[in-house]
Amino acid sequence: MNSYDVAIIGSGPGGYVAAIRCAQLGMKTAIIEKYATLGGTCLNVGCIPSKALLDSSHHYEDAIKHFEEHGIEIPGDIKVNLEKMIARKQSVVDQTTGGIDFLMKKNNIDVYQGLGRFKDATHIMISGEESIEIEAKNTIIATGSKPSSLPFIKLDKERIVTSTEALKLKEIPKHLIVIGGGAIGLELGQVYKRLGAEVSVIEFMDRVIPTMDAGLSKELNKVLKKQKFKINTSHKVKSVERVGDEVIVKADDKKGNEVEFKGDYCLVSVGRRPYTDGLNAEAAGVTLTERGQIEVNDQLQTSAKNIYAIGDVVKGAMLAHKAEEEGVFVAETLAGQKPHIDYNLIPGVVYTWPEVAAVGKTEEQLKEADVAYKTGSFPMRALGRSRASMDLDGFVKILADKATDEILGVHMIGARAADMIAEAVVAMEYRASAEDISRMSHAHPTYTEAIKEAALAATGDRALHI
Ligand SMILES: Cc1cc2nc3c(=O)[nH]c(=O)nc-3n(C[C@H](O)[C@H](O)[C@H](O)COP(=O)(O)OP(=O)(O)OC[C@H]3O[C@@H](n4cnc5c(N)ncnc54)[C@H](O)[C@@H]3O)c2cc1C
Ligand SMILES: NC(=O)c1ccc[n+]([C@@H]2O[C@H](COP(=O)([O-])OP(=O)(O)OC[C@H]3O[C@@H](n4cnc5c(N)ncnc54)[C@H](O)[C@@H]3O)[C@@H](O)[C@H]2O)c1
């Protein structure tokens with residue numbers, strides 16, 4: 001029987017990064033993945049394919065809507081070849097997952113394909129083409145998550161679909177009904193909106209992206225409406241039914257009146273659930289929470305001392321970079337180091353256009369905690385860079401401690417906000433004040449000048465370009 005210092009179950013961003021770090025630190029490492037390709041949700045049916053389709057659909061939208069104003073004329077019709085678009089997405093996925101195979105080989109990590117199932121706390125059965133057993137001194141559970149749904153919805157995966165199927169539709173919906181106005185609903189909704197679908201979003205809460213700062217929700221809502229999305233907030237879906245090629249969704253609005261939506265496809269994007277099916281966690285003495293997550297302490301250690309859990313299957317944000325940080329954290333803990341993760345500084349991004357990005361506390365959280373804070377905002381439209389690209393929507397908002405000026409939260413919506421948020425993370429990691437950012441030179445013309453201007457605004461109303 002093969003024996004390892006550490007075995008990792010699941011090869012998503014949590015698992016494969018943990019494996020690399022364990023191998024770097026000299027541990028004999030195995031990784032177990034039930035699917036034929038490595039990379040988990042993120043690389044196969046999540047972050048990467050969704051961004052590939054967002055990119056392609058963005059090019060198409062630019063071509064049909066914006067090329068002309070740039071003085072670019074294309075004779076004849078511009079058409080979408082959906083099959084080719086989906087094939088390009090798949091080739092991006094294949095290259096990326098192939099890259100993980102390479103990294104496993106480079107780091108001498110043994111890869112097992114098959115479902116990992118605990119026999120006890122130090123033995124794992126792997127049922128793939130043939131069944132084998134391995135021994136592991138330590139195990140990291142990184143089994144991720146699956147789409148969740150509502151109890152009354154029958155997902156037929158043809159017309160009533162989750163994100164997994166929405167990444168490979170065979171036709172552009174005429175009318176896509178999206179249940180859930182979070183990251184998945186809005187990102188994939190925007191893909192099909194750009195390709196020509198009518199898109200209706202039905203959101204239970206009173207705003208889209210309800211966990212982010214309310215200012216971001218408001219601005220995104222405004223921009224999406226301009227893009228002709230139909231947004232229905234404070235709506236409680238009560239039935240979803242397929243009739244032939246039609247999907248009928250019924251919901252109650254804020255006043256309790258029934259509203260009916262008829263479309264040809266329905267995307268159910270109401271969150272994801274931790275995935276532990278087939279793991280036999282209890283045989284290893286690993287307990288789950290009421291919500292089905294693996295229970296862990298602050299060291300990400302489960303109720304079994306030699307077993308750790310990371311990523312979507314434990315508490316916290318369901319994000320690839322959070323899973324990665326946790327993978328490194330556990331590997332370094334096993335090596336006797338004292339790593340640290342500041343969960344307050346894990347940024348959140350929604351890859352709509354304009355992009356939405358944030359780190360730290362929202363205004364709502366600061367109010368709730370009774371923290372005295374000040375704000376500085378700057379609109380993207382006041383930047384020369386934004387005018388050059390005609391990306392005028394959005395703003396940067398900095399929240400800083402009223403007494404000390406320390407930055408407590410940064411919230412932005414605009415072109416390339418996903419990349420810009422890294423500046424705020426660095427600043428907050430070093431506990432910078434708004435004045436610190438306001439005194440740093442930002443290249444001109446860039447979108448990042450809005451961060452400097454917002455910092456100036458937070459430091460005594462000193463913004464220069466408004
Ligand atoms: C459409 C979509 C878009 C997304 N976009 C983003 C984004 O832009 N940015 C971002 O940060 N996050 C994004 N996410 C979320 C991100 O994909 C997850 O947070 C991330 O994949 C979690 O990583 P993980 O390693 O915990 O688990 P996963 O990536 O889910 O990987 C778990 C792996 O474990 C395997 N597994 C499970 N059980 C077993 C078992 N018993 N034996 C063997 N293998 C097993 C699974 O097959 C899977 O491959 C997106 C998700 C979706 C669905
Ligand atoms: N850009 C990114 O980082 C990215 C992209 C996609 C997914 N993800 C992650 O994947 C996970 C799943 O994404 P998601 O968009 O499905 O979840 P989410 O939690 O981001 O959004 C789900 C939305 O559905 C709403 N909702 C819940 N129940 C509802 C109901 N009965 N009727 C109507 N609306 C309802 C919620 O209020 C919420 O706005 C999230 O944790 C997210 O962080 C991240």
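What you are looking at is a predicted structure, and each value in this text was computed from that prediction instead of being measured. Just follow the structure's listing: the first ligand is 1, and inside any ligand the first atom is 1.
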Which residues satisfy the side chain to side chain donor-acceptor pair (under 3.5 Å) test with Lys322, sequence neighbours excluded?
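So Lys322 forms a side chain to side chain donor-acceptor pair (under 3.5 Å) with Glu326.
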
Can you tell me if CZ on Phe152 sees more than 12 non-hydrogen neighbours from other groups inside 6.0 Å?
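Yes - once you tally the heavy atoms of other residues, nucleotides and ligands closer than 6.0 Å, there are more than 12.
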
Quick check: do [X] and [Y] have side-chain heavy atoms less than 4.5 Å from each other?
{"X": "Glu246", "Y": "Arg159", "answer": "no"}
{"X": "Ile100", "Y": "Phe102", "answer": "no"}
{"X": "Met104", "Y": "Ile31", "answer": "yes"}

Among Lys361, Lys218, Lys397, the one residue meeting salt bridge (charged side-chain N to carboxylate O under 4.0 Å, His left out) with Asp213
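Testing Asp213 for a salt bridge (charged side-chain N to carboxylate O under 4.0 Å, His left out) against Lys361, Lys218, Lys397 leaves exactly one candidate, Lys397.
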
For a side-chain contact (heavy atoms from CB on, under 4.5 Å) with Leu220, tell me which candidate from Ile231, Val356, Asp393 qualifies.
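Between Leu220 and the candidates, side-chain contact (heavy atoms from CB on, under 4.5 Å) is satisfied uniquely by Val356.
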
Kindly state each residue pair satisfying side chain to side chain donor-acceptor pair (under 3.5 Å) with at least one member in residues 303-317, sequence neighbours excluded.
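Pairs touching residues 303-317 that pass the test: Ser145-Asp312, Thr287-Ser303.
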
Please say which of Glu187, Lys193, Arg194 ends up in a side-chain hydrogen bond (donor to acceptor under 3.5 Å, both in side chains) with Gln190.
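The residue from Glu187, Lys193, Arg194 that satisfies side-chain hydrogen bond (donor to acceptor under 3.5 Å, both in side chains) with Gln190 turns out to be Arg194.
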
Tabulated below should be the N or O atoms of ligand 1 paired with protein N or O atoms at under 3.5 Å; can you produce that?
residue: ligand 1; atom: 5 (N); partner: Lys51; partner atom: NZ; Å: 3.2
residue: ligand 1; atom: 8 (O); partner: Lys51; partner atom: NZ; Å: 2.7
residue: ligand 1; atom: 11 (O); partner: Ala320; partner atom: N; Å: 2.9
residue: ligand 1; atom: 11 (O); partner: His321; partner atom: ND1; Å: 3.3
residue: ligand 1; atom: 12 (N); partner: Ala320; partner atom: N; Å: 3.4
residue: ligand 1; atom: 19 (O); partner: Asp312; partner atom: OD1; Å: 2.9
residue: ligand 1; atom: 19 (O); partner: Asp312; partner atom: OD2; Å: 3.3
residue: ligand 1; atom: 19 (O); partner: Met318; partner atom: O; Å: 3.3
residue: ligand 1; atom: 19 (O); partner: Leu319; partner atom: N; Å: 3.2
residue: ligand 1; atom: 19 (O); partner: Ala320; partner atom: N; Å: 3.4
residue: ligand 1; atom: 21 (O); partner: Cys42; partner atom: N; Å: 3.3
residue: ligand 1; atom: 25 (O); partner: Pro13; partner atom: N; Å: 3.4
residue: ligand 1; atom: 25 (O); partner: Gly14; partner atom: N; Å: 2.9
residue: ligand 1; atom: 26 (O); partner: Asp312; partner atom: N; Å: 2.9
residue: ligand 1; atom: 29 (O); partner: Thr41; partner atom: N; Å: 2.9
residue: ligand 1; atom: 30 (O); partner: Thr41; partner atom: OG1; Å: 2.6
residue: ligand 1; atom: 41 (N); partner: Gly116; partner atom: O; Å: 3.0
residue: ligand 1; atom: 42 (N); partner: Gly116; partner atom: N; Å: 2.8
residue: ligand 1; atom: 44 (N); partner: Lys34; partner atom: N; Å: 3.1
residue: ligand 1; atom: 47 (O); partner: Glu33; partner atom: OE2; Å: 2.7
residue: ligand 1; atom: 49 (O); partner: Glu33; partner atom: OE1; Å: 2.6
residue: ligand 1; atom: 49 (O); partner: Glu33; partner atom: OE2; Å: 3.0

Taking any residue with a non-hydrogen atom under 4.0 angstrom from an atom of ligand 2, which ones do you get?
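Lining ligand 2 at under 4.0 Å, by heavy atoms, one finds Leu150, Ile179, Gly180, Gly181, Gly182, Ala183, Ile184, Glu187, Ile202, Glu203, Phe204, Met205, Pro210, Ser269, Val270, Gly271, Arg272, Met318, Leu319, Val349, Tyr351.
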
